[in-house]
Amino acid sequence: MSESEQREHRAHGLPELIAERRAKAQRLREAGGELAPYSYPGVEPIASVRGAYERLEVGEETDDVHRVAGRLAARRGAGKAAFLDLVDRTGKIQLHARADVLGADTLKQLLSLDLGDLLGVDGAPLRSRHGELTLRVERFEILGKALRPPPDKHAGLIDVETRHRRRELDLIANEDARKLFVDRARIVSAVRAYLDGEGFLEVETPVLQPLYGGALARPFTTHHNALNRRLYLRIATELYLKRLIVGGLERVYELGKDFRNEGLSTKHNPEFTMVEWYEAYADYTDEAARLEAMVGGVAGAVAYKGEIDFSAPWRRVRFVEAVQEGAGIDLRAHRDAPSLAAAIAERGLQMPIEGLTWPALADDLLSKYVEPTLLQPTFVLDYPIELSPFARAHRSEQGLAERWEAFAGGMEIANAFSELTDPDEQRERFEAQRGLAAAGDEETQPHDELFLEALEHGMPPTGGVGVGIDRLVMLLTKQSSIREVVLFPAMRD
RNA sequence: GCGCCGUUAGCUCAUCGGGUAGAGCUCCGGACUUUUAAUCCGGCGGGGCGGGUUCGAGUCCCGCACGGCGCACCA
């Protein structure tokens, strides 16, 4: 390159780096090179190749040829021989490129590639002097040119905002990120495998719903143009799935996204993944055993090794006892709002009490003073019935519902009931919700006549469970923020 | 929504009290046939946005945007 040409390539801010890579791509094309083939058949995962040659001894070489492909991550040396690192989803492998194998011109072309370029290689495994499993490059193909520089090859991509907004860069640069989302996929897959194995049928119910329901939350609204009608994005799958139980499908589950119009936090993303399952002829006690079995199996599937012991049986504590333990208040001795509020004030607990109902106060006590302390898996049983419009009344305890929530790592991970199957009682529960709505509660459950009519056809005794998949992934991968386990978390624009 | 902290080159980091902003990686040219954050020589790039104070602002003040954490809201 002449001095004047070199001057044109002076600056190396981003625009110059891109221009440099474009120019290089152009030179390769002009030399007759293919930079973007339509396919590259016969690729083996790097981890498989590594696994097959674990026993190769230092200095030993083979003439076997294996085809791998991935992104160029590092390059060392030049002249007549060099080492390159190639990365795919399963791992990294070193390449040895030699002039006496490839020829001087071909070696030069290989070494002219930029970090981040996509490369396919046919290579023969060997163990280098330093003990590194390496492929001696016999042939290579450029599979895609990177016009932008990748994140730092050593430090990786650290900036949290960039990692979340540009997840592809996080995945390119950080092996931990790749591993995490592989684990997430394994967890989802293990959940399905468990339910499929127990005779559950996977179903799909509407995401766009004329009426939302099944949870206490504010929905997102949208509009259908052709029907000129308002629709809601679902906040839960509960009501449709129970209609399928009425229909006789007996064991059903749905795993998918729910949407709740709430703030963001380390534990909340506005769209999140939930699995709900419903099982005829079972109650909430049966479902607790099922959750233990399911989570235990899933933890095994990702080889979880951490502080939490997921093996059954998990601790079980009744709601009133949990509040007694965590907040030091006996709910049975304070059965109305003024009395409970007085007890909270007397103990000097810092929480809002103005205008709250008894069940709301009780729930707040649990969330603030009990939930964060539940590190080992724990079922909290028998909730106040007012908090649970779809749960069946407790068979022996006045004012309570047969409901549990499961906690671990200081978070709620699951919620379950003996389902309310009585249409007349369900109708009264909807009426009660209507009363709360009239009083200004924005998170009430709207009246759903179709659901009531379904119950009027007769519903078998049923146990139902909902598990937050994102939170389960957080626990099993030891992440403290939901944004770390969601590929593209909600961010401000 | 509130509070605290942060935002410097494509990436990772420096820059004491206000005085011409440094490095590594990347990239370009050269040397090198067992390196692995390769090494050596030479070269290129920058203060989130908008105001204010000041002779002079990356640095002090105000506002905005975005992010992190905590709180609130909320499963």
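The structure displayed is predicted, hence computed values, not measured ones. Here is the naming used below: chain letters follow the sequence lines, and residue numbers restart at 1 for every chain.
- Of the candidates U12(B), U33(B), U34(B), the closest approach to any side-chain atom of Lys80(A) belongs to U33(B).
- For the OP1/OP2 pair of U34(B) and a distance below 4.0 Å, the side-chain nitrogens and oxygens of Arg136(A) include no atom meeting the criterion.
- For A37(B), the OP1/OP2 oxygens have no side-chain nitrogen or oxygen of Arg76(A) closer than 4.0 Å.
- Counting non-hydrogen atoms under 4.0 angstrom, Thr162(A) reaches nothing in the nucleic acid.
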- Task: Start with the C-alpha distance between Lys257(A) and Glu271(A), add both sets of side-chain angles, then the distance that settles salt bridge (charged side-chain N to carboxylate O under 4.0 Å, His left out), and finish with yes or no.
- Result: CA-CA 6 Å; Lys257(A) 289 276 182 77; Glu271(A) 57 179 291; 2.8 Å; yes

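- For U34(B), the base has no donor-acceptor partner in the side chain of Arg129(A) [N/O atoms by modelled type, under 3.5 angstrom].
- Atom-to-atom, CD of Gln479(A) to P of C69(B) comes out at 12 Å; the value is rounded to the nearest Å.
- Taking 4.0 angstrom as the limit, Arg75(A) places none of its side-chain polar atoms (N or O) nearer than this to OP1 or OP2 of U39(B).
- Counting only heavy atoms from C-beta on, Phe83(A) has its side chain closest to U35(B) among C69(B), U12(B), U35(B).
- When each of Ser112(A) and Pro15(A) is assigned the nucleotide of RNA chain B with its nearest heavy atom, Pro15(A) is the one assigned upstream, toward the 5' end.
- When each of Arg471(A) and Leu264(A) is assigned the nucleotide of RNA chain B with its nearest heavy atom, Leu264(A) is the one assigned upstream, toward the 5' end.
- A salt bridge between Glu168(A) and Arg166(A) is present, with a side-chain N of the basic residue lying under 4.0 Å from a carboxylate O of the acidic one.
- Considering only side-chain N and O atoms, Lys153(A) lies nowhere under 4.0 angstrom from the phosphate OP1 or OP2 of C11(B).
- Contacts of Arg166(A) with the nucleic acid, taken as non-hydrogen atoms under 4.0 Å apart, are absent.
- Heavy atoms of Gly59(A) sit nowhere under 4.0 angstrom from any nucleic acid atom.
- Checked by distance alone, Gln94(A) brings a side-chain donor or acceptor within 3.5 Å of a matching partner on the base of U35(B).
- Residues His66(A) and Tyr53(A) bring their aromatic ring centres within 6.0 Å.
- Contact annotation: His268(A) does not reach the phosphate of C74(B) (side-chain N/O to OP1 or OP2, under 4.0 Å).
- Taking the ring axis of Tyr383(A) as reference, the NZ or CZ atom of Arg403(A) stays within 45° of it and closer than 6.0 Å to the ring centre.
- Looking at Asp159(A), its side chain has no donor and acceptor atom pair within 3.5 Å of the base of G67(B).
- The nucleotide whose nearest atom lies closest to any side-chain atom of Asp152(A) is, among G1(B), C27(B), U12(B), U12(B).
- Within the 4.0 angstrom heavy-atom criterion, no nucleotide atom of any strand lies near Ala215(A).
- Met411(A) comes within 4.0 angstrom of no nucleic acid atom, judged by non-hydrogen atoms across all strands.
- Asp100(A) comes within 4.0 angstrom of a nucleotide base, judged by non-hydrogen atoms across all strands.
- Under the 4.0 Å criterion applied to side-chain N and carboxylate O atoms, Arg76(A) and Asp85(A) are assigned as salt-bridge partners.
- Residue Arg127(A) has no polar side-chain atom (N or O) positioned under 4.0 Å from OP1 or OP2 of U34(B).
- In this structure, His394(A) and Tyr284(A) have perpendicular ring planes: the angle between them is above 60°, well past the 30° mark.
- Protein atom CZ of Arg21(A) is 8 Å distant from nucleotide atom P of C28(B), rounded to whole Å.
- At the heavy-atom level, Lys92(A) lies nowhere under 4.0 Å from the strands shown.
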